[in-house]
Number of protein chains: 2
Amino acid sequence: MVTVGEAMESRIERLCIDRGLKMTGQRRVIARVLSDAEDHPDVEELYRRATALDSRISVATVYRTVRLLEEKGILERRDFGGGRARYEATEHGHHYHLIDIDTGKVIEFEDAEHEHLMRQIAVRLGFDLVSHRMELFGRRRSEVAGAPRTASSAPPADEPIDGGGKSR
Amino acid sequence: MVTVGEAMESRIERLCIDRGLKMTGQRRVIARVLSDAEDHPDVEELYRRATALDSRISVATVYRTVRLLEEKGILERRDFGGGRARYEATEHGHHYHLIDIDTGKVIEFEDAEHEHLMRQIAVRLGFDLVSHRMELFGRRRSEVAGAPRTASSAPPADEPIDGGGKSR
DNA sequence: ATAGGTGCAAAGCATTTGCCGCGGT
DNA sequence: ACCGCGGCAAATGCTTTGCACCTAT
């Protein structure tokens, strides 16, 4: 029988080790926080969650770690408007984001065709597509207009951003 | 016979007047710079061009004006990576941008279908699409592989970004 | 042992803002 | 005349960094 939870090496810690990164206590904690995150936290939020597990961590370290992991391709930086960078682990194939402009919640979705299309456009312009980004900003539909949608009319969302500041 | 060039009211000045904005000397200059711009300048660049026409302008005013015009829907803010906001006049229907990651040059292109597609996706997720953004980052193709393209193999580009700083 | 990591506080950058005199309408 | 505008410099907010100490490897 093996102890589960906090004791086990996190997915991201594994990736760090694989790339030969020195694993310090704070990196282990940050790696865990990132591995457990199911949303798109910004540095402040990561710092909050990390210090909750081990208070011997400074924001500077979170910034440094997050930058390092991004350079190593373990993390991806996102900009959903609001001035702060948000992070998510690189993994489960490309997906895109739709941001609820009223609540700040982020919905992920896939669009297999999209990347292919973008690649074609780039080629047509004489370029090889290296990367691309796309974000949708929307407002939840007031389901006044009859048309009943397939499933529950409240699609899964994730984290709120900020109470009500404008984007900049 | 009418004097042309600097003396005439610029396109953006017209828009400002139409929306009842008070037209000061500095706004007139900034409006002209924006009207004449065929690229996507950042605030620093706008400031440079504006002071070249009339030195009695401060960066603060450029920031204030650019923000005001964005709120009025006359300008659109862009983020091509690099930490500074870039601006372009709202006009000639939606188009997208492809950024040459080696030179920083920006190529504009259209994709009529795209917006429609994004709108559909949003609806499928239970949202009304309010806005969306998309940028492609690419590298000019080394035209080794035979396939001759239609026209000149050097598509039109515009402005360089910055000599060689990393995106952040 | 030793290259690299960390905390702390100061520095950096792009952008915003308070204050107050000045200029459009 | 009046309200908004612009200059200046200080303030902000996120992120980076210099320095001296500490710790994985």
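Order of the sequence lines fixes the chain letters, A, B, ..., with proteins taken first and strands second; residue numbering starts at 1 for each chain.
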Taking only the side-chain nitrogens and oxygens of B:Arg67, find out if one of them lies under 4.0 Å from OP1 or OP2 of C:dT16. yes

A:Glu70 atom CD is separated from D:dC14 atom C1', nearest whole Å, by 15 Å

Using heavy atoms to find the nearest nucleotide of DNA chain C for A:Ser55 and B:Asp42 separately, return the residue whose nucleotide is more 5′. A:Ser55

For the side chain of A:Arg27, starting at C-beta, report the closest nucleotide among D:dT15, C:dT16, C:dG5. C:dG5

Here the distance between atom P of C:dG4 and atom CE of A:Met23, to the nearest Å, is 17 Å

Looking at D:dG6, D:dT15, C:dA14, which one has an atom nearest to any side-chain atom of B:Arg64? D:dG6

Minimum-distance nucleotide to A:Lys22 side chain [options: C:dG4, D:dG7, C:dT25]: C:dG4

Residue of the set A:Glu110, A:Glu115, A:His132 for which side-chain hydrogen bond (donor to acceptor under 3.5 Å, both in side chains) holds with A:His94: A:Glu115

Students often mix this up, so state it plainly: with edges at 30° and 60°, are the rings of B:His114 and A:His114 parallel, tilted or perpendicular? tilted

Taking C:dT6, C:dT15, D:dT15 as options, the one with an atom nearest any side-chain atom of B:Ala85 is C:dT15

I want to check something: taking the side chain as every heavy atom from C-beta on, are A:Tyr96 and A:Leu136 in contact at a cut-off of under 4.5 Å? no

Measure from CD1 on B:Ile57 to C1' on D:dC8 and round the result to the nearest Å. 15 Å

Roughly how many Å is it from CZ in B:Arg19 to C1' in C:dG24, rounded to a whole number? 20 Å

Upstream residue (5' side of DNA chain D) when A:Arg28 and B:Ala60 are each assigned their closest nucleotide: B:Ala60

Give a yes/no answer on whether the side chain of B:Thr61 brings an N or O atom under 4.0 Å of OP1 or OP2 in D:dC5. no

Basic-acidic side-chain contact under 4.0 Å: A:Glu88, A:Arg86: no

Looking at side-chain heavy atoms only, is the closest gap between B:Ile74 and B:Leu34 below 4.5 Å? no

Under a 4.0 Å N-O cut-off, is there an ion pair linking A:Glu44 with A:Arg84? yes

To the nearest angstrom, how far is B:Leu21 atom CG from C:dT25 atom C1'? 13 Å

OP1 or OP2 of C:dT16 under 4.0 Å from side-chain N/O of B:Tyr63: no

Once you apply a heavy-atom cut-off of 4.0 Å, does B:Arg56 come out as touching a base, just sugar-phosphate, or nothing? sugar-phosphate

To the nearest Å, give me how far apart CD1 (A:Ile17) and C1' (D:dA24) are. 12 Å

Looking at B:Thr24, does any N or O in its side chain come under 4.0 Å of the phosphate oxygens OP1/OP2 on D:dG6? yes

B:Arg84 CZ to D:dC14 C1': how many Å, rounded? 16 Å

Return the nearest nucleotide to the side chain of B:Val43; candidates are C:dT15, D:dG6, C:dT6. C:dT15

A:Glu9 CD to D:dA24 P, in whole Å, measures 16 Å

Establish, with yes or no, whether the OP1 or OP2 oxygen of D:dT23 is under 4.0 angstrom from a side-chain nitrogen or oxygen of A:Gln26. no

